[in-house]
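Here the structure is laid out as C-alpha coordinates; the discussion comes afterwards.
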Amino acid sequence: MAAEIHSRPQSSRPVLLSKIEGHQDAVTAALLIPKEDGVITASEDRTIRVWLKRDSGQYWPSIYHTMASPCSAMAYHHDSRRIFVGQDNGAVMEFHVSEDFNKMNFIKTYPAHQNRVSAIIFSLATEWVISTGHDKCVSWMCTRSGNMLGRHFFTSWASCLQYDFDTQYAFVGDYSGQITLLKLEQNTCSVITTLKGHEGSVACLWWDPIQRLLFSGASDNSIIMWDIGGRKGRTLLLQGHHDKVQSLCYLQLTRQLVSCSSDGGIAVWNMDVSREEAPQWLESDSCQKCEQPFFWNIKQMWDTKTLGLRQHHCRKCGQAVCGKCSSKRSSYPVMGFEFQVRVCDSCYDSIKDEEGLMVTCGTDRIVKIWDMTPVVGCSLATGFSPH
(Lines give C-alpha, C1' and ligand atoms only; values in the text may rest on other atoms or scores of the structure.)
Protein backbone atom coordinates (compact mmCIF):
# COMPACT_ATOMS: atom_id res chain seq x y z
CA MET A 1 0.00 0.00 0.00
CA ALA A 2 1.44 3.38 -0.95
CA ALA A 3 1.79 6.05 1.69
CA GLU A 4 -0.89 8.69 1.92
CA ILE A 5 0.40 12.19 2.60
CA HIS A 6 -2.07 14.72 3.96
CA SER A 7 -1.25 18.42 4.27
CA ARG A 8 -3.07 18.47 7.58
CA PRO A 9 -5.00 15.86 9.64
CA GLN A 10 -8.65 15.73 8.70
CA SER A 11 -9.69 16.63 12.26
CA SER A 12 -7.87 19.96 12.12
CA ARG A 13 -9.07 21.12 8.73
CA PRO A 14 -11.22 24.28 8.67
CA VAL A 15 -14.92 23.56 8.34
CA LEU A 16 -16.91 25.41 5.68
CA LEU A 17 -19.86 27.04 7.45
CA SER A 18 -21.48 29.12 4.74
CA LYS A 19 -21.10 30.30 1.16
CA ILE A 20 -22.33 33.75 0.18
CA GLU A 21 -23.14 34.16 -3.49
CA GLY A 22 -24.66 37.01 -5.41
CA HIS A 23 -21.96 39.39 -6.66
CA GLN A 24 -21.63 39.68 -10.43
CA ASP A 25 -17.86 40.36 -10.42
CA ALA A 26 -14.80 39.82 -8.25
CA VAL A 27 -15.24 40.53 -4.54
CA THR A 28 -12.39 42.86 -3.54
CA ALA A 29 -13.10 43.05 0.22
CA ALA A 30 -15.08 41.05 2.78
CA LEU A 31 -15.19 41.94 6.48
CA LEU A 32 -16.91 40.21 9.38
CA ILE A 33 -19.10 42.42 11.55
CA PRO A 34 -17.87 41.97 15.16
CA LYS A 35 -20.41 40.43 17.54
CA GLU A 36 -22.92 40.07 14.73
CA ASP A 37 -23.76 37.29 12.31
CA GLY A 38 -22.98 39.58 9.42
CA VAL A 39 -20.53 40.28 6.60
CA ILE A 40 -19.81 43.46 4.63
CA THR A 41 -18.62 43.00 1.06
CA ALA A 42 -17.40 45.28 -1.74
CA SER A 43 -17.06 44.21 -5.34
CA GLU A 44 -15.87 45.15 -8.80
CA ASP A 45 -19.57 44.98 -9.77
CA ARG A 46 -19.83 48.47 -8.13
CA THR A 47 -21.89 47.29 -5.16
CA ILE A 48 -21.49 47.34 -1.38
CA ARG A 49 -23.58 44.78 0.43
CA VAL A 50 -24.26 44.01 4.08
CA TRP A 51 -25.23 40.38 4.59
CA LEU A 52 -27.04 39.25 7.76
CA LYS A 53 -27.62 35.66 8.79
CA ARG A 54 -31.30 34.77 8.87
CA ASP A 55 -33.08 32.12 10.94
CA SER A 56 -32.76 29.74 8.01
CA GLY A 57 -28.97 29.87 8.38
CA GLN A 58 -28.56 31.63 5.04
CA TYR A 59 -27.03 35.08 4.54
CA TRP A 60 -29.23 37.64 2.79
CA PRO A 61 -28.35 41.22 1.81
CA SER A 62 -29.90 43.73 4.22
CA ILE A 63 -28.13 46.58 2.40
CA TYR A 64 -27.44 46.77 -1.34
CA HIS A 65 -25.79 49.99 -2.53
CA THR A 66 -24.53 50.71 -6.03
CA MET A 67 -21.44 52.92 -6.49
CA ALA A 68 -20.41 55.04 -9.47
CA SER A 69 -17.15 53.09 -9.94
CA PRO A 70 -15.90 49.57 -9.14
CA CYS A 71 -15.04 49.06 -5.46
CA SER A 72 -11.37 48.28 -4.93
CA ALA A 73 -10.81 48.53 -1.13
CA MET A 74 -12.79 48.88 2.09
CA ALA A 75 -12.35 49.67 5.79
CA TYR A 76 -14.95 49.33 8.55
CA HIS A 77 -14.87 50.83 12.05
CA HIS A 78 -17.35 48.94 14.18
CA ASP A 79 -17.64 51.24 17.21
CA SER A 80 -18.70 54.17 15.03
CA ARG A 81 -20.25 51.93 12.32
CA ARG A 82 -18.45 53.86 9.58
CA ILE A 83 -17.58 52.28 6.24
CA PHE A 84 -14.92 53.71 3.91
CA VAL A 85 -14.91 52.39 0.35
CA GLY A 86 -12.10 52.99 -2.14
CA GLN A 87 -12.96 53.01 -5.82
CA ASP A 88 -11.30 52.40 -9.14
CA ASN A 89 -11.60 56.11 -9.98
CA GLY A 90 -9.45 57.10 -6.97
CA ALA A 91 -12.21 58.40 -4.69
CA VAL A 92 -12.90 57.21 -1.15
CA MET A 93 -16.52 57.36 0.03
CA GLU A 94 -17.68 57.32 3.64
CA PHE A 95 -20.97 55.81 4.85
CA HIS A 96 -22.66 55.36 8.21
CA VAL A 97 -24.55 52.14 8.94
CA SER A 98 -27.63 52.07 11.13
CA GLU A 99 -27.61 50.14 14.39
CA ASP A 100 -29.74 47.32 12.96
CA PHE A 101 -27.53 47.13 9.80
CA ASN A 102 -30.51 47.66 7.53
CA LYS A 103 -29.73 51.17 6.32
CA MET A 104 -26.58 52.97 5.13
CA ASN A 105 -26.30 56.74 4.78
CA PHE A 106 -23.78 58.55 2.58
CA ILE A 107 -21.50 60.93 4.54
CA LYS A 108 -18.70 62.27 2.36
CA THR A 109 -16.48 61.77 -0.69
CA TYR A 110 -12.70 62.14 -0.33
CA PRO A 111 -10.69 62.94 -3.51
CA ALA A 112 -7.80 60.83 -2.21
CA HIS A 113 -6.18 59.57 -5.44
CA GLN A 114 -5.99 60.00 -9.19
CA ASN A 115 -6.12 56.26 -9.83
CA ARG A 116 -7.37 53.01 -8.28
CA VAL A 117 -7.40 52.89 -4.45
CA SER A 118 -5.53 49.82 -3.20
CA ALA A 119 -5.96 50.01 0.61
CA ILE A 120 -7.75 52.07 3.28
CA ILE A 121 -7.32 52.48 7.05
CA PHE A 122 -9.39 54.73 9.34
CA SER A 123 -7.97 56.15 12.58
CA LEU A 124 -10.66 57.37 14.99
CA ALA A 125 -8.14 58.97 17.36
CA THR A 126 -6.80 61.35 14.72
CA GLU A 127 -9.91 61.33 12.47
CA TRP A 128 -7.74 60.42 9.50
CA VAL A 129 -8.61 58.23 6.55
CA ILE A 130 -5.32 56.88 5.19
CA SER A 131 -5.16 55.26 1.77
CA THR A 132 -2.80 54.04 -0.92
CA GLY A 133 -3.35 53.96 -4.65
CA HIS A 134 -2.07 53.18 -8.09
CA ASP A 135 -1.15 56.86 -8.50
CA LYS A 136 2.00 55.88 -6.57
CA CYS A 137 1.14 57.67 -3.34
CA VAL A 138 -0.15 57.33 0.20
CA SER A 139 -2.53 60.07 1.31
CA TRP A 140 -4.14 60.97 4.62
CA MET A 141 -7.24 63.16 4.82
CA CYS A 142 -9.17 64.72 7.69
CA THR A 143 -12.60 63.12 8.11
CA ARG A 144 -13.92 66.21 9.91
CA SER A 145 -13.15 68.74 7.18
CA GLY A 146 -12.63 66.42 4.22
CA ASN A 147 -9.36 68.22 3.46
CA MET A 148 -6.15 66.60 2.27
CA LEU A 149 -3.54 66.65 5.05
CA GLY A 150 -0.60 65.13 3.25
CA ARG A 151 0.74 62.90 0.49
CA HIS A 152 3.91 60.94 -0.05
CA PHE A 153 4.87 59.60 -3.47
CA PHE A 154 6.74 56.42 -4.40
CA THR A 155 8.46 55.26 -7.57
CA SER A 156 5.82 52.59 -8.26
CA TRP A 157 2.21 51.70 -7.43
CA ALA A 158 1.46 51.65 -3.72
CA SER A 159 -0.24 48.28 -3.30
CA CYS A 160 -0.91 47.71 0.41
CA LEU A 161 -1.00 49.50 3.75
CA GLN A 162 -0.78 48.87 7.49
CA TYR A 163 -0.82 51.41 10.32
CA ASP A 164 0.28 51.51 13.96
CA PHE A 165 -2.31 53.63 15.78
CA ASP A 166 -0.13 54.36 18.82
CA THR A 167 2.94 55.68 16.99
CA GLN A 168 1.26 56.88 13.75
CA TYR A 169 3.70 54.78 11.72
CA ALA A 170 2.45 53.69 8.30
CA PHE A 171 3.82 50.68 6.40
CA VAL A 172 3.38 50.91 2.63
CA GLY A 173 4.22 48.06 0.25
CA ASP A 174 4.72 48.78 -3.44
CA TYR A 175 5.12 47.09 -6.81
CA SER A 176 8.91 47.45 -6.74
CA GLY A 177 9.07 44.94 -3.85
CA GLN A 178 9.90 47.52 -1.18
CA ILE A 179 8.14 48.39 2.07
CA THR A 180 8.45 51.99 3.27
CA LEU A 181 8.00 52.89 6.94
CA LEU A 182 6.62 56.43 7.32
CA LYS A 183 5.92 58.59 10.36
CA LEU A 184 2.73 60.51 9.60
CA GLU A 185 2.18 63.97 11.06
CA GLN A 186 -0.70 66.43 10.73
CA ASN A 187 0.58 68.02 7.51
CA THR A 188 3.80 66.19 6.72
CA CYS A 189 5.58 62.85 7.02
CA SER A 190 9.10 61.49 7.33
CA VAL A 191 10.62 58.31 5.93
CA ILE A 192 11.95 56.17 8.78
CA THR A 193 13.37 53.28 6.76
CA THR A 194 12.87 51.12 3.68
CA LEU A 195 12.61 47.34 3.96
CA LYS A 196 13.98 45.32 1.04
CA GLY A 197 13.76 41.56 0.74
CA HIS A 198 11.14 40.54 -1.81
CA GLU A 199 11.94 39.78 -5.43
CA GLY A 200 8.43 40.66 -6.59
CA SER A 201 5.73 43.22 -5.90
CA VAL A 202 4.44 43.36 -2.32
CA ALA A 203 0.75 42.41 -2.39
CA CYS A 204 -0.23 42.34 1.29
CA LEU A 205 0.91 43.38 4.75
CA TRP A 206 -0.16 42.51 8.29
CA TRP A 207 0.99 44.41 11.38
CA ASP A 208 0.96 42.85 14.85
CA PRO A 209 1.15 45.77 17.33
CA ILE A 210 1.61 43.46 20.32
CA GLN A 211 4.83 41.76 19.23
CA ARG A 212 5.76 44.62 16.88
CA LEU A 213 6.06 42.24 13.94
CA LEU A 214 5.30 43.00 10.30
CA PHE A 215 4.41 40.26 7.83
CA SER A 216 4.59 40.80 4.08
CA GLY A 217 3.47 38.64 1.16
CA ALA A 218 4.52 39.14 -2.44
CA SER A 219 4.32 37.95 -6.03
CA ASP A 220 7.56 35.99 -5.50
CA ASN A 221 5.35 33.44 -3.64
CA SER A 222 7.09 34.21 -0.33
CA ILE A 223 6.24 35.67 3.07
CA ILE A 224 8.70 37.65 5.18
CA MET A 225 8.45 38.36 8.88
CA TRP A 226 10.11 41.65 9.90
CA ASP A 227 11.06 42.32 13.52
CA ILE A 228 10.22 46.03 13.71
CA GLY A 229 10.18 46.29 17.51
CA GLY A 230 13.59 44.65 17.90
CA ARG A 231 14.98 46.56 14.89
CA LYS A 232 16.35 43.32 13.46
CA GLY A 233 14.92 43.71 9.97
CA ARG A 234 14.07 40.50 8.14
CA THR A 235 14.04 37.60 10.58
CA LEU A 236 12.10 34.88 8.77
CA LEU A 237 11.40 33.88 5.17
CA LEU A 238 8.47 31.52 4.58
CA GLN A 239 8.03 29.75 1.26
CA GLY A 240 5.05 27.43 1.08
CA HIS A 241 2.91 28.76 -1.77
CA HIS A 242 3.01 27.87 -5.45
CA ASP A 243 1.64 31.25 -6.56
CA LYS A 244 1.73 34.88 -5.43
CA VAL A 245 0.65 35.57 -1.86
CA GLN A 246 -2.39 37.86 -1.85
CA SER A 247 -3.59 38.08 1.74
CA LEU A 248 -2.28 37.65 5.30
CA CYS A 249 -3.80 37.45 8.77
CA TYR A 250 -1.93 36.86 12.03
CA LEU A 251 -3.87 35.25 14.89
CA GLN A 252 -2.30 36.58 18.08
CA LEU A 253 -4.13 34.18 20.40
CA THR A 254 -2.89 31.00 18.70
CA ARG A 255 0.33 32.45 17.23
CA GLN A 256 -0.68 31.33 13.76
CA LEU A 257 -0.23 33.12 10.46
CA VAL A 258 -2.84 32.49 7.78
CA SER A 259 -1.81 33.20 4.19
CA CYS A 260 -3.73 32.95 0.91
CA SER A 261 -2.36 32.78 -2.63
CA SER A 262 -3.87 33.54 -6.02
CA ASP A 263 -4.16 29.84 -6.88
CA GLY A 264 -6.70 29.43 -4.06
CA GLY A 265 -4.27 27.89 -1.60
CA ILE A 266 -4.52 28.68 2.12
CA ALA A 267 -1.63 27.96 4.48
CA VAL A 268 -1.66 28.09 8.27
CA TRP A 269 1.80 28.67 9.73
CA ASN A 270 2.58 27.73 13.32
CA MET A 271 4.76 30.65 14.39
CA ASP A 272 5.60 28.97 17.72
CA VAL A 273 7.81 26.47 15.88
CA SER A 274 11.49 27.11 16.53
CA ARG A 275 13.13 28.26 13.30
CA GLU A 276 16.48 29.44 12.10
CA GLU A 277 16.73 33.01 10.90
CA ALA A 278 16.87 33.37 7.12
CA PRO A 279 20.22 34.90 6.11
CA GLN A 280 20.61 38.25 4.39
CA TRP A 281 21.86 37.83 0.84
CA LEU A 282 25.52 38.75 0.46
CA GLU A 283 26.88 40.69 -2.48
CA SER A 284 30.14 39.84 -4.23
CA ASP A 285 31.86 40.43 -7.58
CA SER A 286 32.87 36.77 -7.76
CA CYS A 287 31.58 33.41 -6.59
CA GLN A 288 32.25 33.04 -2.87
CA LYS A 289 32.93 29.33 -3.39
CA CYS A 290 35.07 28.95 -6.53
CA GLU A 291 36.03 32.65 -6.91
CA GLN A 292 35.04 32.74 -10.58
CA PRO A 293 34.03 36.29 -11.66
CA PHE A 294 30.42 37.31 -12.22
CA PHE A 295 29.57 38.84 -15.59
CA TRP A 296 29.89 42.47 -14.40
CA ASN A 297 33.39 41.93 -12.99
CA ILE A 298 35.19 43.12 -16.14
CA LYS A 299 38.63 43.43 -14.52
CA GLN A 300 38.78 39.86 -13.20
CA MET A 301 37.35 38.52 -16.44
CA TRP A 302 40.13 40.30 -18.36
CA ASP A 303 42.87 39.23 -15.94
CA THR A 304 41.82 35.57 -15.91
CA LYS A 305 40.70 35.43 -19.55
CA THR A 306 37.39 33.82 -18.53
CA LEU A 307 33.74 34.55 -19.20
CA GLY A 308 31.67 36.00 -16.38
CA LEU A 309 29.05 33.88 -14.64
CA ARG A 310 25.54 34.66 -13.42
CA GLN A 311 25.15 35.35 -9.70
CA HIS A 312 22.85 33.21 -7.51
CA HIS A 313 22.33 33.03 -3.75
CA CYS A 314 22.24 30.07 -1.39
CA ARG A 315 19.03 30.20 0.64
CA LYS A 316 20.69 28.63 3.69
CA CYS A 317 23.91 30.67 4.09
CA GLY A 318 23.09 33.66 1.87
CA GLN A 319 26.42 33.55 -0.01
CA ALA A 320 26.72 34.76 -3.60
CA VAL A 321 27.53 31.71 -5.72
CA CYS A 322 27.62 30.65 -9.35
CA GLY A 323 25.31 28.06 -10.89
CA LYS A 324 27.91 25.29 -10.78
CA CYS A 325 28.48 25.75 -7.04
CA SER A 326 24.73 25.80 -6.33
CA SER A 327 23.39 23.06 -8.57
CA LYS A 328 21.58 21.26 -5.73
CA ARG A 329 18.06 21.85 -4.44
CA SER A 330 16.69 21.03 -1.00
CA SER A 331 13.82 21.88 1.31
CA TYR A 332 14.72 23.29 4.73
CA PRO A 333 11.54 23.72 6.83
CA VAL A 334 13.37 24.89 9.95
CA MET A 335 14.16 28.09 8.01
CA GLY A 336 10.72 28.32 6.37
CA PHE A 337 11.57 26.66 3.03
CA GLU A 338 8.84 24.04 2.66
CA PHE A 339 9.70 23.47 -1.03
CA GLN A 340 12.92 22.77 -2.89
CA VAL A 341 15.15 25.87 -3.07
CA ARG A 342 18.65 26.61 -4.35
CA VAL A 343 21.46 25.85 -1.89
CA CYS A 344 25.22 25.76 -2.33
CA ASP A 345 26.95 22.40 -2.36
CA SER A 346 28.40 22.70 1.15
CA CYS A 347 25.03 23.67 2.65
CA TYR A 348 23.38 20.81 0.77
CA ASP A 349 25.81 18.40 2.39
CA SER A 350 25.15 19.88 5.84
CA ILE A 351 21.38 19.58 5.34
CA LYS A 352 21.76 15.94 4.38
CA ASP A 353 23.80 15.37 7.54
CA GLU A 354 20.91 16.82 9.57
CA GLU A 355 18.31 14.58 7.94
CA GLY A 356 16.28 12.27 10.10
CA LEU A 357 15.52 8.95 8.42
CA MET A 358 12.82 6.47 9.46
CA VAL A 359 12.34 2.92 8.25
CA THR A 360 8.95 1.18 8.37
CA CYS A 361 7.70 -2.28 7.50
CA GLY A 362 4.23 -3.81 7.44
CA THR A 363 1.97 -6.61 6.34
CA ASP A 364 2.29 -5.47 2.74
CA ARG A 365 5.81 -7.00 2.81
CA ILE A 366 7.39 -3.69 1.82
CA VAL A 367 10.14 -1.90 3.69
CA LYS A 368 10.02 1.87 3.32
CA ILE A 369 12.60 4.50 4.20
CA TRP A 370 11.25 7.95 5.01
CA ASP A 371 12.93 11.34 4.98
CA MET A 372 11.54 13.07 8.07
CA THR A 373 13.26 16.41 7.44
CA PRO A 374 10.17 18.10 5.93
CA VAL A 375 8.18 17.24 9.07
CA VAL A 376 10.69 18.70 11.53
CA GLY A 377 9.85 22.35 12.08
CA CYS A 378 7.00 22.13 9.58
CA SER A 379 4.42 24.86 9.85
CA LEU A 380 1.53 22.53 9.01
CA ALA A 381 0.81 19.31 10.88
CA THR A 382 1.46 16.33 8.62
CA GLY A 383 -0.27 12.95 8.85
CA PHE A 384 0.37 9.85 6.80
CA SER A 385 -0.37 6.14 6.64
CA PRO A 386 2.93 4.29 6.18
CA HIS A 387 1.54 0.96 4.94
Side-chain angles (χ1 to χ4, degrees), residues 155-156 173-180 193-203 216-227 231-245 261 275-357 371-374 376-379:
T155 58
S156 59
D174 64 40
Y175 268 66
S176 73
Q178 295 186 165
I179 302 166
T180 305
T193 189
T194 301
L195 305 175
K196 300 178 181 179
H198 285 291
E199 296 180 342
S201 58
V202 181
S216 60
S219 61
D220 59 6
N221 306 353
S222 71
I223 301 163
I224 294 179
M225 183 181 81
W226 309 86
D227 186 352
R231 299 186 178 182
K232 296 179 180 178
R234 189 183 81 174
T235 58
L236 192 62
L237 178 63
L238 303 174
Q239 292 188 322
H241 286 285
H242 293 287
D243 211 334
K244 59 183 178 181
V245 182
S261 56
R275 296 182 183 271
E276 290 182 16
E277 181 177 338
Q280 297 292 334
W281 284 7
L282 303 177
E283 295 300 328
S284 177
D285 291 329
S286 57
C287 176
Q288 293 180 300
K289 295 296 181 182
C290 68
E291 299 183 350
Q292 289 294 304
F294 293 131
F295 63 83
W296 60 83
N297 190 347
I298 305 298
K299 185 180 184 304
Q300 188 178 346
M301 289 166 56
W302 177 264
D303 292 342
T304 59
K305 301 296 188 294
T306 57
L307 292 174
L309 304 174
R310 184 182 174 188
Q311 177 182 261
H312 299 281
H313 285 91
C314 172
R315 269 44 173 190
K316 187 176 186 293
C317 68
Q319 287 190 321
V321 290
C322 66
K324 184 177 180 181
C325 294
S326 58
S327 59
K328 305 288 199 309
R329 301 290 186 275
S330 178
S331 60
Y332 198 52
V334 74
M335 198 176 276
F337 300 115
E338 308 290 348
F339 300 141
Q340 301 279 310
V341 293
R342 181 186 294 273
V343 292
C344 67
D345 293 350
S346 57
C347 284
Y348 180 83
D349 293 338
S350 69
I351 291 173
K352 289 303 174 185
D353 290 340
E354 297 170 9
E355 280 186 349
L357 298 179
D371 176 9
M372 302 302 291
T373 306
V376 179
C378 190
S379 57

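Note that these values count all heavy atoms, side chains included, but never hydrogens, waters or copies made by symmetry. When a residue number appears, it is its place in the shown sequence, counting from 1.
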Check whether any side-chain heavy atom of Gln300 sits under 4.5 Å from a side-chain heavy atom of Asp285, and report yes or no. no

For residues 289-299, the salt bridge (charged side-chain N to carboxylate O under 4.0 Å, His left out) pairs (sequence neighbours left out) are Lys299-Asp303

**Asked** Would you say Asn221 and Gln239 make side-chain contact, with heavy atoms under 4.5 Å?
**Response** no

Sequence neighbours excluded, the answer for side-chain contact (heavy atoms from CB on, under 4.5 Å) partners of Gln292 is Cys290, Thr306, Leu309

Check: Any donor and acceptor pair, going by atom type alone, linking the side chain of Arg342 with main-chain N or O of Ser326 inside 3.5 Å?
Finding: yes

In short, Ser284 meets Ser286 closest at the heavy-atom pair OG-O, 2.7 Å

Quick note, ring-ring contact (aromatic ring centres under 6.0 Å, His included) partners involving residues 295-319, not counting sequence neighbours, are Trp281-His313, Phe294-Trp296

Nearest heavy-atom contact between Met301 and Pro293 is CG-CG, 3.9 Å

In this structure, CG of Leu237 is separated from CD1 of Ile223 (nearest 0.5 Å) by 9.0 Å

All heavy atoms of Ser222 vs all of His198, minimum pair found to be OG-ND1, 3.3 Å

To the nearest 0.5 Å, atom CG of Leu195 lies from atom CD1 of Ile224 at 9.0 Å

May I have the step-by-step check of side-chain contact (heavy atoms from CB on, under 4.5 Å) for Cys325 and Cys344, ending in yes or no? CA-CA 6 Å; Cys325 294; Cys344 67; 5.7 Å; no

Requested in this report: Give a yes or no on whether the backbone of Ser219 and the side-chain of Ser201 come within a donor-acceptor separation of less than 3.5 Å.
Outcome: no

Closest non-hydrogen contact found for Val202 with Ser216 is CG1-CB, 4.4 Å

Here the pair of heavy atoms bringing Cys347 nearest to Cys314 is SG-SG, 3.7 Å

Rounding to 0.5 Å, atoms CD (Glu199) and CG (Asp220) come to a distance of 6.0 Å

